[in-house]
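Heads up: the structure comes next, in structure tokens.
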Amino acid sequence: MNYEKLFFESLEHSLKGRYITLNEVEPLLSRFDFENQVQIIGKSVLGKPIYQYIIGKGPIKILFWSQMHGNESTTTKALFDFINLLNSNSEIAKSLLIEFTFCFLPILNPDGAALYTRENANKIDLNRDAQNLSQPESKLLRNTFDNFGPHYCYNLHDQRTIYGVASEVIKPATVSFLAPAYNENRDVNEVRTKAMKIIIAMNNVLQKLIPNQVGRFDDSFNINCVGDTFQFLNVPTVLIEAGHYQDDYEREITRKFVFIAIVSGLINFYENDIVSNEIGNYLNIPHNKICFYDFIYKNVKINYDNSKIITNFAIQFKEELIDNQLLFIAYTVAVGDLKGFSGHLELDVEEALYQNSEINFPILNQKAEFSIGNSIKFVDGLIIN
Ligand SMILES: [Zn+2]
């Protein structure tokens, strides 16, 4: 299977970048609504529609939802790439539609998507609301789960650039997985094993394309999380986290790997024989680890209080919605030896001088506003050169 080729044939060109809202997604949904397959199942806190799209006639029912965290849009892009594949009339599309019935809830949290926030408009994290069901979006997800009766669930997220994979060479965690626990003991039962097997199939393919850039999330049990609840209710649930790929802050490359994970996991259902030692293969996926900053400047000279020090400091982007545009604003977040951390961009400035207009010392959690030597300059959190 040439997954890369399949991706480029399926790519939904109209969805780009990190700021993905209903405005971009609604025209696509209306394009696929030829047999009443698209329905509005309810409204968000601010009255925005929440859509469900069902396609396929197969016996295995899979429920996918994306952007329950509004600012986590990469998997929405990958879902529409996948939906394009399903509508391509290709052999693989036909096979998938015979094997499966898919139910998609793209952008479960449309208010958060518009505001570019993790939480919904009531500032509730929907992924901590699986028991309380206090929010309309949480209730709609749970109703869909109850009515559709999936055999499997795919819980789709983005993770921050701080995550790397804990292997010998530290690489960014471009895609991370979790088969959530269903109890405090983190036991492995038949249900959870099914989720692990899908992840193993996805990981086998991804490792060939992005070796050592696939991580496994911590499986601490929290029944308030949707994945843990659905696993507890005996439906195997796979959590996918789209993460950072080198220089890909727009996550246009990462979306490809999420697409490939989805497709390879499904093909595995009907093409591959079950291999032995599946659980071991799942546990062999290295852990996710917080070990990255976006930038690290090393050996920076700082003149402060009449003394000179040589130190390192780290910059992290925050995505901020300004005039309806998403900007990556740089903040100074750490100063010191930064042991155990790498920078997605790391520069040894060889004792070049740090300067800013007020105090010549980096202040934590402030917008980057400084220069180092002649070549590096930030103004109001934006890189000038
Ligand atoms: Zn999330």
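Both ligands and their constituent atoms are indexed starting at 1 by order of listing. For clarity, every value in this text was computed on a predicted model and none was experimentally measured.
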Mind running side-chain hydrogen bond (donor to acceptor under 3.5 Å, both in side chains) on Thr76 and Ser66 for me, showing each step along the way? CA-CA 6 Å; Thr76 299; Ser66 70; 2.7 Å; yes

Test salt bridge (charged side-chain N to carboxylate O under 4.0 Å, His left out) on Glu346 and Lys298; report intermediate values, then the result. CA-CA 7 Å; Glu346 212 170 281; Lys298 291 197 155 168; 3.3 Å; yes

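Using a cutoff of 4.0 Å between basic side-chain nitrogens and carboxylate oxygens, Asp146 and Arg142 are scored as salt-bridged.
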List the atom pairs, with distances to 0.1 Å, where a side-chain N or O of residues 47-64 and a protein N or O form a donor-acceptor pair under 3.5 Å, not counting sequence neighbours.
residue : atom : partner : partner atom : Å
Tyr51   : OH   : Glu26   : OE2          : 2.6
Tyr53   : OH   : Asn87   : ND2          : 3.1
Lys61   : NZ   : Phe148  : O            : 2.7

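Across all non-hydrogen atoms, the minimal contact from Ala179 to Met196 is CB-CG, 3.7 Å.
Taking the six-membered ring for Trp, Phe370 and Phe313 have ring centres closer than 6.0 Å.
Screening the protein for N, O or S atoms under 2.8 Å from the Zn ion (ligand 1) yields 4; no waters enter the count.
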